[in-house]
**Student:** 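Pasting a structure below so you can have a look.
To find a chain, count down the sequence lines: A is the first, B the second, and so on, and within it residues start at 1. No hydrogens, no waters, no symmetry mates; every other heavy atom, side chains included, goes into these values. Note that the structure is predicted; figures quoted are calculated from it, not measured.
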Amino acid sequence: MTATAYLTGLGRYLPGAPVRNDDVASRLGGVDRRTERIRRRIQNANGIQQRYYAMDTEGRTTELNEELAAKAVTAALADRGLEASDLGMLATATTQGDLLVPGFASMVHGRLGGGPMQVLTATGVCASSIAALDAAVSKIRLGDHARAAVVGSELSSRWLHQRRFEGVEDHLDAHFLRWMLSDGAGAAIVEFQPRPDRPSLRVDWVRQVSLAHEHEVCMRAGLHGNALEPGKTWQDFDDVAGAERAGLLQIRQDTSVLGELAQVGLAQFEELVELGLVDLKKLDHVICHYSTNAFRDVVFDALAARVPGFDASRWFSNLETCGNTGAASIYIALDEAWRTGRLQPGQTVLLAVPESGRFSFGFAHLTVVAPRQQRSTSA
Amino acid sequence: MTSTALGYVPPQRDSRPLLDRLSDVWADFEARLEQVPILQALAAGDVTIEDYHRLLHNLRQQVVDGSLWIARAASNFDMDHFDLRSAAIGHALEEHRDHLLLQRDYLAIGGRLETLQAGRKNVGSQALSGYMFTVASQPNPVACLGAMFIIEGLGAQKAGEWGRRFAEVLGLADNQVHFMIYHAEADVEHTGTMDTFLTSDRIDADAADAIVSCAKVVARLYVMQLTELDEI
């Protein structure tokens, strides 16, 4: 027999003050006319109005990624009324930690404190958030830990600053993400019991699927052109500066296949329906991570055609106000949906995280449950 | 209690077979357990994780003494009771690590080791433990078979039921109910071994009385231990 896992606390941390579209260049640089034109075009397309950067106006990084993560976990713990010492496990998700070695989760644990705990570093891109959640939920369900924290955290601004672009071979496909990604962290507490004082989110299932067997790399850094060969990755150049000059330290996106990503993602959703994991008649909320509003329209329209009574009140994203924070975004969105009272006991929530990296998809199905009734007489 | 036209008559020796007498003690014990508040709540499905946490915490403080009094009893059996000594030594060894199973469950539901280890016996556990050490300290403490009859019977017939019920009501994983479920499995073997002792010729009338009496005391003190949770 396995236990049930519940999300009992949520928290997020977004560094600094929100940065409006016109102020983005004050952080990331890139004020020449061509760059500015590209930036405006991309900003108009993705629909993001404001985002957060752990970077000051001099382009200096103000916080470590591990700090963002630890602050989000601390916020989630506070939401639940727990301390770091109550945790048995910490599962982290990030695209790129502060260091090459060791793993991000070890660094976040060191920053967070608490006692001995299991750590897991899930890397990848956006869907690593769901991989980390899956690991934590599985260990809770096995009864190996009573409480775990999951955190998605990103500090991509340091990869997007002008200094990563000057003196570097020009690649237009590096601009798409430059004006889209931003910093932040979101966290959830996972427990084997619902919280006694407020509703919790029961985790009904978690699912992560890679389709890399039939798709080429789409979003990447560290790869020279399309040359997936020994000696051609960023670690194989004579020096790292050479790799940087060749554009290997930029995050690049093959935007031509993004339409396909949306379609494949919808096919994955259909599979969930076919497998009975999603009941269209009982699906109350969809919280979807996406990089640009262009996808929102495609996906929203498709869902509205499939899910009876599906309208804007059942769809949630805070891409426009919090930016695209990669592995952190699904928790940052869930935190806001939860805090603002959108999710009521009895309702179901589908979390959906498509990842363009090499076509992978993370989903989780949640049900809002009310606290257990406490009996009046004590034992 | 017996009364006649002459008024009060003290209890007479019960000459029925020992197993029949113990069977009555067991039935009485079960009836008493049904009155224990936490077990009533459990049966009603009206327990929280705090109840399970509390129960493990309270039980542990006495469970750690289990192998100690059995070992003491073993050391008090002379050569004429060699088989009982052997059985007690074997049993003490099995019980010796029992509290570690409980500890695993306690940690798996989020309890802290230092809290568990710093716990004290509740008033029922104090009485039970104190009584058992007293009985076990007698020469050839055959009466201890009565205590084992109750405690092993509880493990074989009740603990598993409680463990499964807690798991069902609270949605616990197997890894959180080792102690209670293990008892259901291991104690079935123990009670089998004990039945051969209880039915052997060497249990004379005095020994049978001592066994029944000990079983009655242990049954009552065990109920007290389960009722007086956190009363230290």
Side-chain angles (χ1 to χ4, degrees), chain A residues 1-9 77 80-90 114-118 135-149 189-198 200-205 366-367 369-379, chain B residues 33 35-59 101 104-116 122 124 160 162-181 225-231:
Chain A
M1 191 166 159
T2 52
T4 303
Y6 301 84
L7 305 186
T8 58
L77 285 167
R80 174 63 181 95
L82 295 175
E83 305 199 349
S85 56
D86 294 315
L87 295 174
M89 179 179 185
L90 172 69
M117 63 180 80
Q118 177 181 355
V137 163
S138 299
K139 295 298 276 183
I140 293 294
R141 295 197 64 202
L142 282 172
D144 286 340
H145 303 296
R147 303 179 192 93
I189 304 302
V190 192
E191 295 186 80
F192 75 109
Q193 295 285 294
R195 62 185 291 170
D197 53 339
R198 295 215 315 250
S200 305
L201 293 160
R202 186 182 71 216
V203 183
D204 302 314
W205 51 259
L366 315 173
T367 299
V369 294
R372 276 205 181 99
Q373 293 293 316
Q374 303 280 319
R375 69 173 182 281
S376 46
T377 55
S378 69
Chain B
L33 286 174
Q35 303 306 311
V36 172
I38 194 170
L39 298 180
Q40 287 180 327
L42 179 63
D46 190 17
V47 283
T48 62
I49 191 66
E50 285 73 27
D51 292 319
Y52 182 55
H53 200 144
R54 175 181 295 114
L55 184 57
L56 288 180
H57 188 89
N58 277 264
L59 286 177
L101 285 176
R104 262 174 85 182
D105 296 342
Y106 192 85
L107 296 179
I109 61 165
R112 289 175 188 265
L113 188 59
E114 23 329 342
T115 314
L116 181 68
N122 73 32
W162 299 342
R164 283 187 294 277
R165 184 70 177 143
F166 270 118
E168 178 188 18
V169 174
L170 299 175
L172 303 178
D174 291 346
N175 199 33
Q176 295 165 325
V177 288
H178 287 292
F179 177 69
M180 290 184 179
I181 303 281
Q225 166 175 261
L226 291 172
T227 305
E228 302 290 344
L229 298 178
D230 296 345
E231 285 296 332

**Student:** Most heavy-atom pairs under 4.5 angstrom with chain A, which of Ala108(B), Ala44(B), Ala173(B)?
**Tutor:**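 That would be Ala173(B).
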**Student:** Could you grab the distance from atom CG of Leu107(B) to atom CG of Asp144(A), nearest 0.5 Å is fine?
**Tutor:**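 The CG atom of Asp144(A) is 12.0 Å from CG of Leu107(B), to the nearest 0.5 Å.
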**Student:** Any idea which of Gly115(A), Ser85(A), Pro194(A) has the most non-hydrogen atom pairs under 4.5 angstrom with chain B?
**Tutor:**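 Answer, by heavy-atom pair count under 4.5 Å with chain B: Ser85(A).
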**Student:** Does any heavy atom of chain A fall under 4.5 Å from the side chain of Arg104(B), the backbone, both, or neither of them?
**Tutor:**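 The answer is neither part of Arg104(B).
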**Student:** Show the nearest heavy-atom pair for residues Met1(A) and Ala167(B), with the distance to one decimal.
**Tutor:**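 What the structure gives for the nearest pair is CE-O, 3.2 Å.
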**Student:** Quick check on Glu168(B): does its CD atom have over 12 non-hydrogen neighbours (other residues, nucleotides or ligands) under 6.0 Å away?
**Tutor:**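 Enclosed: over 12 neighbouring heavy atoms sit under 6.0 Å from CD of Glu168(B).
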**Student:** To the nearest 0.5 Å, what is the distance between CD (Gln176(B)) and OG1 (Thr2(A))?
**Tutor:**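 That separation rounds to 10.0 Å.
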**Student:** Is the closest side-chain heavy-atom distance between Asn175(B) and His145(A) below 4.5 Å?
**Tutor:**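 No, side chains not in contact.
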**Student:** Heavy-atom distance under 4.5 Å to chain B: side chain of Arg141(A), backbone, both or neither?
**Tutor:**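 For Arg141(A), the contact with chain B is made by the backbone alone.
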